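Following: one structure in structure tokens, then a few remarks.
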Amino acid sequence: MNIVAIIQARMGSKRLPGKVLKDLNGKSMLEHVYERTNAFCGVDEVIVATSVLDSDKPIVSLCIERGWGFFCGSEMDVLDRYYQAASQYKADHIVRVTSDCPFLCFDEGSRLLAAHLESHADYTHNITVLDSLMPMGTGAEVLSFWALEKSWIEGKKDWYREHVDEYILENPKLFSIENVFASEPVRRPHYRLTVDCEEDLQLIKSLYNALNRESGLIRLIDVIDLLDAEPERLEINSEINQK
């Protein structure tokens, strides 16, 4: 069994262009996301899936420099990009991660992957917008290659092509779907820890600076403890609406 984590990353962003390579405490956001994804227990390989556009070549250059696996595919047909990447890397199960989540929770991600494999589900998630109770921007998704391929073959609408999971979510009778709820200590769905605009980035930078680690990764529980103690930090991006 081959479990491949695929991080989708592009330089294009209407609200914050080039956000995936923005600096966070000496590293790009994409590097932080890669390291956190690589800390998921059970993942065999982590790759970055970007587009063939010239504007995304800096992402490819970073992958080559760091020795990461990568795939270049369609800009807008993200479903095809995932399917082609998963096929090339011979994935049996795919962990889907987005590159704008620099506090992706590897502890909960490991729980998520274990639950997916144990239940033999087609699709398993701990996504905030799907009521997992995780802080926004800290969850992930796992899907079988079968579910990805079925979505790729049957999901013809533009909406399905732009969003890897939508065909699955809109057809629950065709797929077995599991929701892994956040562990009690990290249940903060009102905490916004994704990066979609400048205000989000300011908050994330302030947290990375406050929780600086010379070695090791910052754990989500440490972020939550800080925000619980200093809730005024959340005012930085409190007016931002999730797309």
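This one's a predicted model, so the numbers in the text were calculated from it and none came from an experiment.
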Practice task
Check the hydrophobic clustering (I, L, V, M, F, W, Y; side-chain heavy atoms under 4.5 Å; chains of links allowed) and say if Leu169 and Trp159 are grouped together.
Solution key: yes
Can you list every salt bridge (charged side-chain N to carboxylate O under 4.0 Å, His left out) pair that touches [range], not counting sequence neighbours?
{"range": "residues 127-147", "answer": "Arg96-Glu141"}
{"range": "residues 70-82", "answer": "Arg10-Glu75, Asp77-Arg161"}
{"range": "residues 47-56", "answer": "Asp54-Lys57"}

Exercise for the section: With Leu30 as reference, evaluate Leu24, Thr50, Leu62 under the side chain to side chain contact (heavy atoms under 4.5 Å, CB included) test and give the passing residue. Expected result: Leu62
Exercise for the section: Quick one: list whatever passes salt bridge (Lys or Arg N to Asp or Glu O under 4.0 Å) with Glu154, sequence neighbours left out. Expected result: Lys150
Exercise for the section: Tell me, please, which residues at least two apart from Asp122 pass salt bridge (Lys or Arg N to Asp or Glu O under 4.0 Å). Expected result: none
Got a donor-acceptor contact below 3.5 angstrom from the [X] side chain to the [Y] backbone?
{"X": "Arg36", "Y": "Ile218", "result": "yes"}
{"X": "Asn237", "Y": "Glu199", "result": "no"}
{"X": "Ser99", "Y": "Val20", "result": "no"}
{"X": "Ser183", "Y": "Pro185", "result": "no"}

Problem - Over 12 non-hydrogen atoms of neighbours within 6.0 angstrom of NZ in Lys156 - result: yes
By side-chain contact (heavy atoms from CB on, under 4.5 Å) - contacts of [X] (at least two apart):
{"X": "Glu118", "value": "none"}
{"X": "Ser87", "value": "Tyr83, Phe145"}
{"X": "Ser132", "value": "Asn126, Met134, Asn179"}
{"X": "Ala39", "value": "Phe106, Leu217"}

Problem - Within-4.5 Å side-chain heavy-atom neighbours: Ser28 and Lys22 - result: no
Exercise for the section: Using a 4.5 Å cut-off on heavy atoms from C-beta on, say whether the side chain of Lys27 contacts that of Glu35. Expected result: yes
Exercise for the section: Could you tell me whether Lys205 and Asp23 have a side-chain N and a carboxylate O separated by less than 4.0 Å? Expected result: no
Looking at [X] and [Y], what are the two nearest heavy atoms and their distance?
{"X": "Pro58", "Y": "Leu21", "answer": "CB-CD1, 3.8 Å"}
{"X": "Met29", "Y": "Asp100", "answer": "CE-CA, 4.0 Å"}
{"X": "Val142", "Y": "Val95", "answer": "CG2-CG2, 4.2 Å"}
{"X": "Ser51", "Y": "Cys72", "answer": "O-CB, 3.8 Å"}
{"X": "Val97", "Y": "Val33", "answer": "CG1-CG1, 3.7 Å"}
{"X": "Leu148", "Y": "Ala86", "answer": "CD2-CB, 3.7 Å"}

Handout entry: Pairs touching residues 47-72 that satisfy ring-ring contact (aromatic ring centres under 6.0 Å, His included), sequence neighbours left out
Key = Tyr34-Trp68
Exercise for the section: Would you check if the distance from the ring center of Phe175 to the ring center of Trp146 is below 6.0 Å? Expected result: yes
Handout entry: is_close_aromatic(His32, Tyr208), centroid dist under 6.0 Å
Key = yes
Practice task
Only counting residues at least two apart or in another chain, list the ones meeting side-chain hydrogen bond (donor to acceptor under 3.5 Å, both in side chains) with Ser144.
Solution key: none
Going by atom type alone, with no hydrogens or angles, which donor-acceptor pairs under 3.5 Å involve a side-chain atom of residues 219-227 and a protein atom two or more places apart or on another chain?
residue	atom	partner	partner atom	Å
Arg219	NH1	Asp107	OD1	2.6
Arg219	NH1	Asp107	OD2	2.6
Asp222	OD2	Arg213	NH2	3.2

Practice task
In sequence, state the C-alpha distance, the side-chain angles, and the governing distance for Glu198 and Leu16, and then conclude on side chain to side chain contact (heavy atoms under 4.5 Å, CB included).
Solution key: CA-CA 6 Å; Glu198 184 61 39; Leu16 188 60; 3.5 Å; yes
